Each structure stands twice: as structure tokens, then as C-alpha cells.
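One structure below.
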Amino acid sequence: MATRKIKTVYDVVCPFCGTLCDDLEVDVEIATDKVVEVRNACQIGTAKYYSSNPSPHRYEKPMIRKDGKLTEASWDEAIEKAADILTAAKRPLLYGFSSTECEAQGKGVELAEILGSILDNTASVCHGPTLLAEQDVGVPTSTLGEYKNRADLVIFWGSNPVHAHPRHLGRYSEFIRGYFRKDGRNDRYVVVVDPRNTHTAQIADMWINVNPNEDYELMNAIRAVLRGIDLDDENVAGVPKDKIYELVDLVKKCNYGVIFFGMGLTQTLSHHRNIDTAVCMTRELNDHTKFLITPMRGHYNVSGANTVFTWNTGYAYSIDFSRGYPRYNPGEFSSVPLLMNDEVDASLIVASDPASNFPQDSVRNMFKHPLIAIEPHETPTSAFADVVLPAAIAGIECDGTAYRMDHVPLRLRKVKDAPGECLTDKEILERLIKKVKEKLGEK
Ligand code: SF4
């Protein structure tokens with residue numbers, strides 16, 4: 001029997017969540033160029049690698065909608081059609097960019113500037129409030145490696161890593177042994193603040209069952225107790241005052257603490273004011289011990305999108321180029337309110353699926369106007385697109401740079417070729433830029 005020839009790629013960085021685990025080993029069958037085994041990844045990371053194998057949901061050729069149906073087209077035709085749509089639009093939107101590599105994100109900024117369009121990434125609907133708060137009050141933070149080696153008190157506030165970042169706990173925050181935490185889990189005290197008894201809460205040492213939308217009140221009660229003030233009420237935000245005293249006692253006594261917060265804090269009532277208060281609370285904790293705070297970023301390179309947009313325009317998301325220079329005003333130039341008000345007359349969606357998570361009315365308005373999707377797989381967004389430009393999956397079928405949730409840049413590795421006629425996001429955007437420039441008479 002003939003033996004299967006397998007190539008193994010080591011030290012692969014997982015392109016799924018913001019943890020960016022960089023210890024994966026991926027086996028690819030040489031004859032078929034199929035992923036046949038993934039080691040060290042969690043289930044969702046593993047599934048992403050297998051999603052690169054041939055499937056009926058994978059786009060392998062450009063598509064253009066003709067007579068209501070997506071039909072195969074040549075790259076030249078598809079780029080021509082996409083450039084026509086973008087140049088004819090008065091207020092085009094370029095959105096997504098968080099599940100692709102930094103080099104493609106840079107090309108997205110270039111295209112937005114040429115078109116005078118809106119440029120936005122997924123932070124607009126996840127950690128945008130974190131960025132606003134950090135711009136206001138700064139942020140005392142560090143790297144995941146430091147937390148692994150030093151943290152003896154870990155607070156997950158409004159985040160559920162067991163489901164959203166499965167290996168975060170094993171690599172950095174809970175079970176892992178660190179240089180100063182030789183006994184791993186036994187050397188750390190874990191607190192979860194969440195209205196739900198999540199699976200992360202179930203394996204924590206303490207669960208603070210805060211009322212939904214009352215994190216702001218709880219954090220300010222903690223800040224008051226830290227300043228030596230007695231609480232008048234028996235309970236704040238659904239948490240008995242004795243529990244608040246117990247928590248304050250714990251945080252004051254630890255050697256090195258960290259708060260990891262998620263969308264339970266950024267997307268509940270008070271939004272960026274929650275994060276503002278969380279940062280101020282963390283800063284005040286440093287009067288007693290060492291304490292830091294880090295957002296749990298979802299899309300694997302949303303931190304990269306914020307970074308690349310910032311170094312190119314000065315702003316991290318929700319940018320308007322319509323006056324020929326970048327302007328920033330979340331709420332006014334964010335994708336959801338613009339779509340809700342039906343101000344956008346064409347959309348280019350890159351490596352993202354807004355139809356799955358934007359409000360219904362905004363999605364309906366997006367579908368009313370021409371839509372271009374740069375996407376490897378069929379999604380609820382691409383299914384309604386007028387032009388589909390098939391992309392290689394960054395981090396599997398092409399390399400590039402991505403920023404981890406703690407802003408450490410890592411190099412994504414290519415493990416196999418992209419199928420069919422797929423091009424990288426960067427190549428597609430370069431072709432679009434060239435064609436748009438031609439149509440606008442620019443060099
Ligand atoms: S925790 Fe995130 S980065 Fe790590 S393997 Fe799972 S999905 Fe990939």
C-alpha cells in the first residue's frame with residue numbers, strides 16, 4: 001500500500017481569535033494539499049483550518065450577479081464591475097478588515113482615501129468603546145506573557161473565555177505555570193464578574209453575579225470602598241456589600257492582578273464609560289498593589305486593524321474620507337448608524353460578515369444598494385453580494401502580520417495553497433486600487 005506523504009508546518013499562528021496561539025502544528029497531505037491534522041489548537045481553531053479544504057461553500061472563482069443569480073466571471077470582469085460600483089457611489093462604505101492581515105488592511109486604507117469613502121472595522125461593534133475610553137484616560141496594561149509569569153489574581157469581567165478564547169486560560173491566564181507562578185492554577189485566584197453563571201464562572205474561585213447593565217455602579221462601589229468609604233446600601237448592582245468588601249480585600253492583598261474584560265462591559269449600558277471607570281479603578285488599585293487591564297479582543301486581527309488604521313489616518317475606526325482627509329466620529333461615521341440612516345449607497349465588505357451581527361434594519365439597507373464581498377466562504381453577507389471576489393484565507397493560505405489582543409505583532413504562516421483562482425486580500429485590493437484609479441483618471 002502506498003504511504004501518504006504529509007508535510008508538517010510547525011509554530012503556526014492560529015488565525016481565529018485574539019489569543020493568536022502560536023504553537024500549532026498542521027499536517028497537510030502533499031498529493032491533495034488538504035489539511036489532514038491540526039495539533040494544539042482548540043476546536044474552533046481546528047475547524048478554521050479544516051474550512052480551507054474543498055467544500056461547496058468555498059468560493060474559488062470571482063462571481064457577478066446576473067439576472068438575480070451569482071455567476072462565475074473572470075477576474076478582469078469582476079474587478080471592473082466592483083470598481084464601477086465603488087466609483088459611481090456617492091457615499092461608499094469599506095467595512096470589516098479584522099480577519100485579514102495587516103498588509104491588506106493598509107491597502108484598504110489606501111482605497112478608502114482614493115474613493116473618499118467611509119472606512120470602518122469590526123471594533124465599531126465590539127471594542128470601539130474600549131478605544132474611546134483609552135483615548136480619554138489611557139490604559140495600564142501589559143503583555144499576556146507577563147500575566148502568565150506573574151498574575152496571582154485574574155478577573156474576567158463580562159467575558160467568557162471558555163467559549164470565546166478557549167486556550168487563553170491554558171496558555172496565559174488560569175492553568176498555565178509561570179516563572180513566578182510555578183504551581184499554575186493553584187497559584188492563581190480567579191474571579192468572574194458576569195450576570196450569567198458562565199462556564200468560565202463555573203471554574204472560577206469566585207463568581208460575582210452582577211445585575212445586567214449595572215457594572216458601572218459596581219465598579220464605582222469598589223472604587224469607593226478602596227478609598228475607605230463605607231457603603232450605605234446593603235447591596236449594589238445586585239451584589240451584597242459583604243461580597244464587595246471581600247473582593248476589595250482580595251485585590252488589595254494580591255501581588256499582581258489583571259482584569260480581562262469583554263463585550264459584557266463594552267456593549268452594555270454606559271459603553272465607553274464602563275471602560276473609562278474600569279481603567280480608573282485599575283489605576284487606583286495600583287495605590288495598593290500591581291494591577292493591569294487588557295481587553296479580550298475577538299477577531300484575530302482586530303487589534304491590527306485598529307493599529308494599521310491609526311498609523312495611517314490617526315484614528316482606529318469609524319473614519320470618513322469624504323472631505324479628502326480623515327475625520328473621526330464614532331456614532332456618526334460608524335457603519336451601523338450610517339446604514340440605519342440609509343446614508344451608504346454601496347458597500348465593500350472585506351473578511352467580515354456584518355449580515356450575521358448587525359441590526360436587521362441596517363442589513364436591509366445594506367442589501368438595498370450594490371454590495372461587494374471579498375470573502376473565502378459563502379456567508380449571509382456574501383450570499384446577497386453583487387460581486388464576490390474570492391480570497392485566500394490569511395494565516396492558512398497566505399502569510400502576513402497580525403496583532404494579538406495585547407498588541408504583540410506575530411507572523412502568520414502559510415501552510416497550503418489557496419484553491420482555484422483565489423487571490424490574497426492584499427492582491428485583490430491592489431487590483432481594485434489600480435482599476436479605481438484608472439476610472440478616476442488618477443495615476
Ligand atoms: S484560543 Fe483562539 S487563537 Fe487559540 S487555538 Fe483557539 S481559536 Fe485559535
Side-chain angles (χ1 to χ4, degrees), residues 65 81-98 105 107-129 131-132 135 266-267 271-272 299 302 305-306 308-310 312-375 379-389 429 432-433 435-437 439-440:
R65 192 166 295 279
K81 172 88 178 161
D84 279 342
I85 289 172
L86 291 172
T87 49
K90 287 203 174 78
R91 197 128 171 86
L93 165 70
L94 272 55
Y95 175 81
F97 298 100
S98 301
Q105 291 163 351
K107 291 293 163 192
V109 179
E110 196 180 332
L111 181 60
E113 187 171 14
I114 296 164
L115 288 165
S117 73
I118 299 288
L119 176 68
D120 201 7
N121 55 57
T122 59
S124 170
V125 288
C126 63
H127 275 277
L131 301 162
L132 281 177
Q135 284 153 7
T266 62
Q267 294 299 331
H271 292 267
H272 69 286
H299 290 84
V302 64
N306 299 146
V308 172
F309 284 16
T310 304
N312 279 286
T313 69
Y315 309 118
Y317 70 110
S318 298
I319 302 156
D320 177 21
F321 278 103
S322 63
R323 291 194 186 163
Y325 55 88
R327 290 187 300 153
Y328 169 66
N329 197 9
E332 187 183 359
F333 304 140
S334 305
S335 307
V336 170
L338 282 170
L339 288 166
M340 292 290 261
N341 296 334
D342 205 8
E343 285 182 43
V344 168
D345 58 353
S347 309
L348 168 66
I349 308 298
V350 184
S352 158
D353 182 18
S356 293
N357 48 54
F358 277 14
Q360 202 177 31
D361 287 345
S362 62
V363 175
R364 195 176 295 125
N365 285 341
M366 180 172 73
F367 287 161
K368 268 182 10 196
H369 302 285
L371 175 63
I372 306 156
I374 301 182
E375 182 60 48
T379 65
T381 304
S382 69
F384 287 86
D386 298 283
V387 183
V388 175
L389 305 171
L429 287 162
L432 260 179
I433 288 168
K435 188 52 79 180
V436 164
K437 276 184 168 174
K439 288 191 184 286
L440 295 175

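All residue numbers refer to positions in the sequence shown, counting from 1. Worth saying up front: this structure is predicted, and the values here are computed from it rather than measured.
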Take a 6.0 Å sphere around NZ of Lys90 and say whether it holds more than 12 heavy atoms from other residues, nucleotides or ligands.
no
Which distance, rounded to the nearest 0.5 Å, do you find between the CE of Met340 and the CD of Gln360?
10.0 Å
Would you say that Leu348 contacts Leu111 through its side chain, given a criterion of any heavy-atom pair below 4.5 Å between the two side chains?
yes
Could you pull out the closest heavy-atom pair between Ala346 and Ile85, with the gap in Å?
CB-CG2, 3.8 Å
Closest non-hydrogen atoms of Thr313 and Pro326, given as atom of the first, atom of the second and distance, are O-CG, 3.7 Å
Do Ser335 and Leu93 come close enough that some side-chain heavy atom pair is under 4.5 Å?
yes
Does a sphere of radius 6.0 Å around NZ in Lys435 hold more than 12 heavy atoms from other residues, nucleotides or ligands, not counting ones at 6.0 Å or beyond?
yes
Would a distance-only check, ignoring hydrogens and angles, find a side-chain to backbone donor-acceptor pair under 3.5 Å from Thr266 to Pro129?
no
Does a side-chain heavy-atom distance below 4.5 Å link Val109 with Leu119?
yes
Is it the case that more than 12 heavy atoms not belonging to Phe367 sit under 6.0 Å from its CZ atom?
yes
Side chains of Ser322 and Arg327: does their closest heavy-atom pair fall under 4.5 Å?
yes
Does a side-chain heavy-atom distance below 4.5 Å link Leu429 with Ile374?
yes
Could you go step by step and tell me if Ser98 and Asn121 meet the side chain to side chain donor-acceptor pair (under 3.5 Å) rule?
CA-CA 6 Å; Ser98 301; Asn121 55 57; 4.8 Å; no
Report the distance from atom OG of Ser334 to atom CG of Asn329, rounding to the nearest 0.5 Å.
8.0 Å
Using only atom types and a distance under 3.5 Å, with no angle test, would you say the side chain of Thr379 pairs donor to acceptor with the backbone of Ser382?
yes
Less than 4.5 Å apart, side chain to side chain, heavy atoms only: is that true for Asp342 and His369?
yes
From Glu113 atom CD to Asn312 atom CG, the distance as rounded to the nearest 0.5 Å
8.5 Å
Student check: side-chain heavy atoms of Arg91 and Leu338 closer than 4.5 Å:
yes
Below 4.5 Å, heavy atoms only, C-beta onward: do Pro359 and Val336 meet side chain to side chain?
yes
To the closest 0.5 Å, what do you measure between OG1 (Thr381) and CG (Asp353)?
3.5 Å
How close do Ala83 and Val436 get, heavy atom to heavy atom, and via which atoms?
CB-CG2, 4.0 Å
Test: Arg364 and Asp361 ion pair at under 4.0 Å:
yes
What pairs with Phe309 under ring-ring contact (aromatic ring centres under 6.0 Å, His included), at least two apart in sequence or on another chain?
Phe97
Give me the atom names and distance for the closest heavy-atom approach of Thr310 to Ala316.
OG1-CA, 3.3 Å
Rounding to 0.5 Å, atoms CG (Asn306) and NE2 (His127) come to a distance of 10.0 Å
Return the orientation label for the Tyr328 and Tyr317 ring planes: parallel under 30°, perpendicular over 60°, tilted otherwise.
perpendicular
Which is it for Leu94 and Leu115 under the side chain to side chain contact (heavy atoms under 4.5 Å, CB included) test, yes or no, and what are the steps along the way?
CA-CA 10 Å; Leu94 272 55; Leu115 288 165; 4.1 Å; yes
Would you sort out whether Leu371 and Ile349 count as a side chain to side chain contact (heavy atoms under 4.5 Å, CB included), showing the intermediate values?
CA-CA 8 Å; Leu371 175 63; Ile349 308 298; 3.7 Å; yes
Side chain to side chain contact (heavy atoms under 4.5 Å, CB included) filter on Asn341, not counting sequence neighbours, yields Glu343
Check Ala355 against Met366 and note the closest heavy-atom contact, atom names and distance.
N-CE, 4.4 Å
Taking all non-hydrogen atoms of both residues into account, name the closest pair between Arg65 and Ala383 and its distance.
NH2-O, 2.8 Å
What's the separation between atom OH in Tyr95 and atom OG in Ser352, rounded to the nearest 0.5 Å?
4.5 Å
